[in-house]
Structure formats: C-alpha cells, structure tokens
> 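Shown below is the structure under consideration.
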Amino acid sequence: MRAAPTCPRCFGTLRPPSVWSSAWRCGVHGAVVPFHTRRPSAEALDLVRKDARVPFWLPWPLPPGWLVTGFGDAGDERSGARAGVVACSGPSVTQGPADLLIVAEEPGLGLGAAYAGLPGPDPGPGFDAGPPGAKVDARGHPTALWWVEGRPDRAVYVGEAMGDWLWIIGWPAEAGCLVALTQLSLRDLREHDQELDLPFGAVTPRLGAEIQGLRTLPRLR
C-alpha cells in the first residue's frame, strides 16, 4: 500500500483536497504540492519520470560500491513532478555507510531546504557570494555548487541547473568530500536514450521513509 503524501517542507501530514479547496494543505505551511517517496526499482523510476517537469539527477557512473536507494517526487496529476529526488548510498570516504540525496526543484518548493535542515524554502540570499565549493557536470554543463551551512550531521551543496535548484545533501558530513573533491557527472534519468543498468539497494531512511511509515529494509552492503 502506498504511503500517504507528506509536506515537502516539513514531511508533516497533509489534508487532502476537498469540495472547498483543490489544494493539499499542511497545518504549518498551508497549500503545498504533495510529496511521495518511492522504493528503488525500475517501476518506480518509470513512474516518477513520466510527467516530471524537473530533472531526476543521478551521479553516473556511481562511486564504487554505491547503490540507488530510493526516489521521491513532489507534485500532483495537474502539475506533474515539480521536485524530484534520487537517493544513493554506499561506503563513505572514512568508515561506515554514507548517503547522498540529489534534489532538483522549482524555486520556492522547499524540499531541498527541508533535507538540508534550513528554515526557508530556498538557500537564502547571498549563499553564492563567495567562490563555489564544488563543481559537477550536469548533463554536459559545468555547474557550480556552494556549500551551505545546515545541520552539523550533514553536508549541503546547492546551485542552479537547467533553471531549477540543484541540491546535494550528504550524510554524514564527511560525505561532502565526494562532492567537493570529485567532479561528479550527473545524468538526467528522464532521458530515455541511455542504457543505464541501475544497481538498486534497500530504501534509505534519509529519504523520509521512516517518517511516512514505510518499513525500512536491511541496508545492502
């Protein structure tokens, strides 16, 4: 059974549309687009990219030992996916497991900021005032990312690609070395003219599955 959608800004429960309003509503943030998490599978990928209005970015090739561990999308039948997230997990640069969430979203939706632990829907003014902290290749285009101070247990980088916010959030904070020291090459999973044999693992709790009541399976190593 699919979990109920949640708020993309706080992962709280939503009131569904009614005869008085066509919007999904959060008790804290008002009218929002509903956010769903998806277990990692080819079927889930086909579903999220069907009507996507934003990229679904995946580092490819994946770092050695890494797996795709979930998807998420914010939107409805009328709007299509206006925010998308791809989760990847694998060995950290130090010891133990690490997780990366790559988020693309329209300005103002707040999904990337929610994962980053920031109060507002966007990174805030002046985040790009200094030199970038990392660079990625987004579908063949060099893209600058700036480090943003979020919560101490995670690394947060944000920039702009194809007119949308691009966030990369890593746990633990040391996972940011993968972003800062390696120029990741990002593929847009909406593109069908690419043969990618994606390795799927168990859903990561970083995606919000625990909040939405999905049973988290043992992590693959």
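These figures come from a predicted structure and were not determined experimentally.
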> Determine the minimum heavy-atom distance between Gly130 and Trp146, stating which atoms define it.
O-NE1, 2.7 Å
> Output a table of donor-acceptor pairs, distance under 3.5 Å, between side-chain atoms of residues 8-20 and any protein atom two or more places apart or on a different chain; print 'none' if there are none.
| residue | atom | partner | partner atom | Å |
| --- | --- | --- | --- | --- |
| Ser18 | OG | Trp20 | N | 3.2 |
| Ser18 | OG | Ser21 | N | 3.4 |

> Taking all heavy atoms of Ala138 and all of Thr143, pick out the closest pair and write down the distance.
CB-OG1, 3.5 Å
> Is it the case that the side chain of Ser92 and the backbone of Gly90 share a donor-acceptor pair, with hydrogens and angles ignored and the cut-off at 3.5 Å?
no
> Which residue pairs pass the ring pair (Phe, Tyr, Trp, His ring centres under 6.0 Å) test with at least one member in residues 72-106, sequence neighbours excluded?
none
> According to salt bridge (Lys or Arg N to Asp or Glu O under 4.0 Å), does anything in residues 59-75 pair up with another residue at least two apart or in another chain? List the pairs.
Arg38-Asp73
> Distance from Arg187 atom CZ to Asp137 atom CG, nearest 0.5 Å?
10.0 Å
> Table please: side-chain donor-acceptor pairs of residues 24-35 below 3.5 Å, with sequence neighbours left out.
none

> Are the side chain of Arg39 and the backbone of Ala44 linked by a donor-acceptor contact shorter than 3.5 Å?
no
> Is there a side-chain contact (heavy atoms from CB on, under 4.5 Å) between Trp60 and Leu196? Walk through the geometry before answering.
CA-CA 9 Å; Trp60 193 263; Leu196 303 180; 3.3 Å; yes
> Measure the spacing between SG of Cys88 and CG of Leu67 and express it to the nearest 0.5 Å.
9.0 Å
> Please tabulate, one pair per line, all N/O donor-acceptor pairs under 3.5 Å involving side-chain atoms of residues 157-186, not counting sequence neighbours.
| residue | atom | partner | partner atom | Å |
| --- | --- | --- | --- | --- |
| Glu160 | OE2 | Gly163 | N | 2.6 |
| Trp165 | NE1 | Asp122 | OD1 | 2.8 |
| Trp167 | NE1 | Glu105 | OE2 | 2.9 |

> Less than 4.5 Å apart, side chain to side chain, heavy atoms only: is that true for Val156 and Tyr115?
no
> Apply side chain to side chain contact (heavy atoms under 4.5 Å, CB included) to Arg49 and list each qualifying residue two or more places apart in sequence or on a separate chain.
Leu45, Asp46, Arg190, His192
> List in chain and number order the residues that pass ring-ring contact (aromatic ring centres under 6.0 Å, His included) with Phe56, two or more places apart in sequence or in another chain; answer none if no residue qualifies.
none
> Among residues at least two apart in sequence or on other chains, which ones pass side-chain hydrogen bond (donor to acceptor under 3.5 Å, both in side chains) with Arg82?
Glu106
> According to a hydrophobic-cluster definition based on side-chain heavy atoms being under 4.5 Å apart (Ile, Leu, Val, Met, Phe, Trp, Tyr only), do Val54 and Val68 belong together?
no
> Within the 3.5 Å criterion, strictly below it, is a donor on Thr204 or Thr69 matched to an acceptor on the partner's side chain?
no
> Holding to side-chain hydrogen bond (donor to acceptor under 3.5 Å, both in side chains), I want the full list of residues that pass it with Arg151, two or more places apart in sequence or in another chain.
none
> Should Lys135 and Pro142 count as side-chain neighbours, where that means a heavy-atom distance under 4.5 Å?
no
> Let me confirm one number: the OG1-NE2 distance from Thr6 to His36, rounded to the nearest 0.5 Å.
8.5 Å
> Can you list the residues that meet the side-chain hydrogen bond (donor to acceptor under 3.5 Å, both in side chains) rule with Arg139, with sequence neighbours excluded?
Glu191
> For a quick test of reading the model, state the closest non-hydrogen atom pair linking Leu101 to Ala87 and the distance between them.
CD2-CB, 3.4 Å
> Test of understanding: clusters of I, L, V, M, F, W, Y form through side-chain heavy atoms closer than 4.5 Å, transitively. Do Trp57 and Leu145 belong to the same one?
yes
> Could you tell me which residues satisfy side-chain hydrogen bond (donor to acceptor under 3.5 Å, both in side chains) with Asp128, sequence neighbours excluded, listed by chain and number?
none
> Among all residues two or more places apart in sequence or in another chain, which pass the side chain to side chain contact (heavy atoms under 4.5 Å, CB included) test with Pro63?
Trp66
> Return the CG to CG distance between Leu189 and Leu58, rounded to the nearest 0.5 Å.
5.0 Å
